[in-house]
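A short worksheet on the structure shown next.
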Amino acid sequence: MALNDQYVYQLKQEKLNITKPRRMVFETIANNHGITMSQLTKKLVPAIHRASIYRTVTTLEKYGIIKRVYTGWKYTLELSEAYDNQHHHHLHCTNCNKTIHTDHDINLERTIYDHGLKYGFVMSSHEVDIQGLCASCLNAPQ
């Protein structure tokens with residue numbers, strides 16, 4: 001099922017209308033992996049009112065279509081795994097704020113799952129956020 005078809009299907013299942021703000025917010029997040037709320041509003045205002053963008057983001061989060069990825073107290077928006085189909089983790093540069101989306105690593109996943117089991121915990125989901133310096137900042141002249 002195509003991404004937009006899956007989105008339309010889910011909205012219909014939830015008895016939600018396919019409004020212009022919902023369509024545009026979804027498409028913008030789908031095409032801009034890891035977008036900030038500020039970037040999202042800059043791309044969509046004046047076509048969509050700022051309040052409609054915030055309400056739409058809240059609705060899409062509520063139904064598990066998008067998710068927030070936190071870096072400290074800041075966050076970016078991206079499609080949830082139900083739409084992305086590519087579980088990944090994030091590397092955040094503390095100098096330039098660049099976010100690197102890492103490839104799926106089955107060994108890391110197994111280690112995280114086993115770590116939970118060690119404490120009698122069965123994991124249902126997780127996120128890994130590693131902070132440090134990216135290659136560009138690390139190699140930049142001081």
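Heads up: numbering here begins at 1 and tracks the sequence. Quick caveat: nothing in here was measured; it's all calculated off a predicted structure.
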Item checked: Which atom of Ser80 lies closest to which atom of Gly64, heavy atoms considered -> OG-O, 2.6 Å
Check: So does Asp103 have more than 12 non-hydrogen atoms from other groups sitting under 6.0 Å from CG?
Finding: no
Next item on the list: Measure the shortest side-chain to side-chain distance between Lys12 and Ile18 over non-hydrogen atoms and say whether it is less than 4.5 angstrom.
Entry: yes
Note to self: Would you say Ile112 ends up clustered with Leu117 if hydrophobic residues are merged whenever their side chains have heavy atoms under 4.5 Å apart, either directly or through other cluster members?
What the structure shows: yes
Notebook entry, point to check: How long is the span from the SG atom in Cys134 to the CG atom in Leu91, to the nearest 0.5 Å?
Noted result: 10.0 Å
Next item on the list: May I ask you to test the Met37-Val57 pair for a side-chain heavy-atom distance under 4.5 Å?
Entry: yes
Checklist line | Any residue meeting side-chain contact (heavy atoms from CB on, under 4.5 Å) with Asn32, in chain and number order, not counting sequence neighbours | finding: Thr28, Ile35, Lys43
Check: When rounded to the nearest 0.5 angstrom, what is the spacing between NZ in Lys20 and OG1 in Thr56?
Finding: 12.0 Å
Notebook entry, point to check: Measuring from Leu133:CG to Leu138:CG, what's the distance to the nearest 0.5 Å?
Noted result: 6.0 Å
Item checked: Qualifying residues under side-chain contact (heavy atoms from CB on, under 4.5 Å), relative to His115, sequence neighbours excluded -> Tyr119
Next item on the list: Find the distance between CG (Leu44) and NZ (Lys42) and round it off to the nearest 0.5 Å.
Entry: 13.0 Å
Next item on the list: Identify the two heavy atoms, one from Gly34 and one from Gln39, that lie closest to each other, and give their separation to 0.1 Å.
Entry: O-OE1, 4.3 Å
Check: Roughly how far, to the nearest 0.5 Å, is the CG atom of Leu60 from the CZ atom of Arg22?
Finding: 7.5 Å
Checklist line | Sub-4.5 Å side-chain heavy-atom contact between Tyr63 and Leu11 | finding: no
Next item on the list: Would you indicate whether the side-chain heavy atoms of Leu77 and Thr36 approach each other to under 4.5 Å?
Entry: no
Item checked: Derivation and outcome, side chain to side chain donor-acceptor pair (under 3.5 Å), residues Thr58 and Arg55 -> CA-CA 5 Å; Thr58 299; Arg55 279 193 305 270; over 6 Å; no
Notebook entry, point to check: So if you build clusters from Ile, Leu, Val, Met, Phe, Trp, Tyr with side-chain heavy-atom gaps below 4.5 Å, do Ile100 and Val69 land together?
Noted result: no
Margin query: If you compare all heavy atoms of Ile130 against all heavy atoms of Val128, which two are closest, and at what distance to 0.1 Å?
Written below: CG1-CG1, 3.8 Å
Item checked: Parallel, tilted or perpendicular, as decided by the 30° and 60° cut-offs, for the rings of Phe26 and Tyr83 -> perpendicular
Margin query: Looking at Glu61 and Arg68, is any side-chain nitrogen of the basic one under 4.0 Å from a carboxylate oxygen of the acidic one?
Written below: yes
Item checked: Donor-acceptor under 3.5 Å (Asn17 side chain, Thr19 main chain) -> no
Notebook entry, point to check: Shared ILVMFWY cluster between Ile29 and Val8, side chains joined below 4.5 angstrom?
Noted result: yes
Check: Hey, what do you get for OG1 (Thr99) to CD (Glu78), rounding to the nearest 0.5 Å?
Finding: 9.0 Å
Checklist line | Non-hydrogen atoms of Pro21 and Ile48 that approach each other most closely | finding: CA-CD1, 3.5 Å
Notebook entry, point to check: Sequence neighbours excluded, which residues qualify as salt bridge (charged side-chain N to carboxylate O under 4.0 Å, His left out) partners of Arg23?
Noted result: Glu27
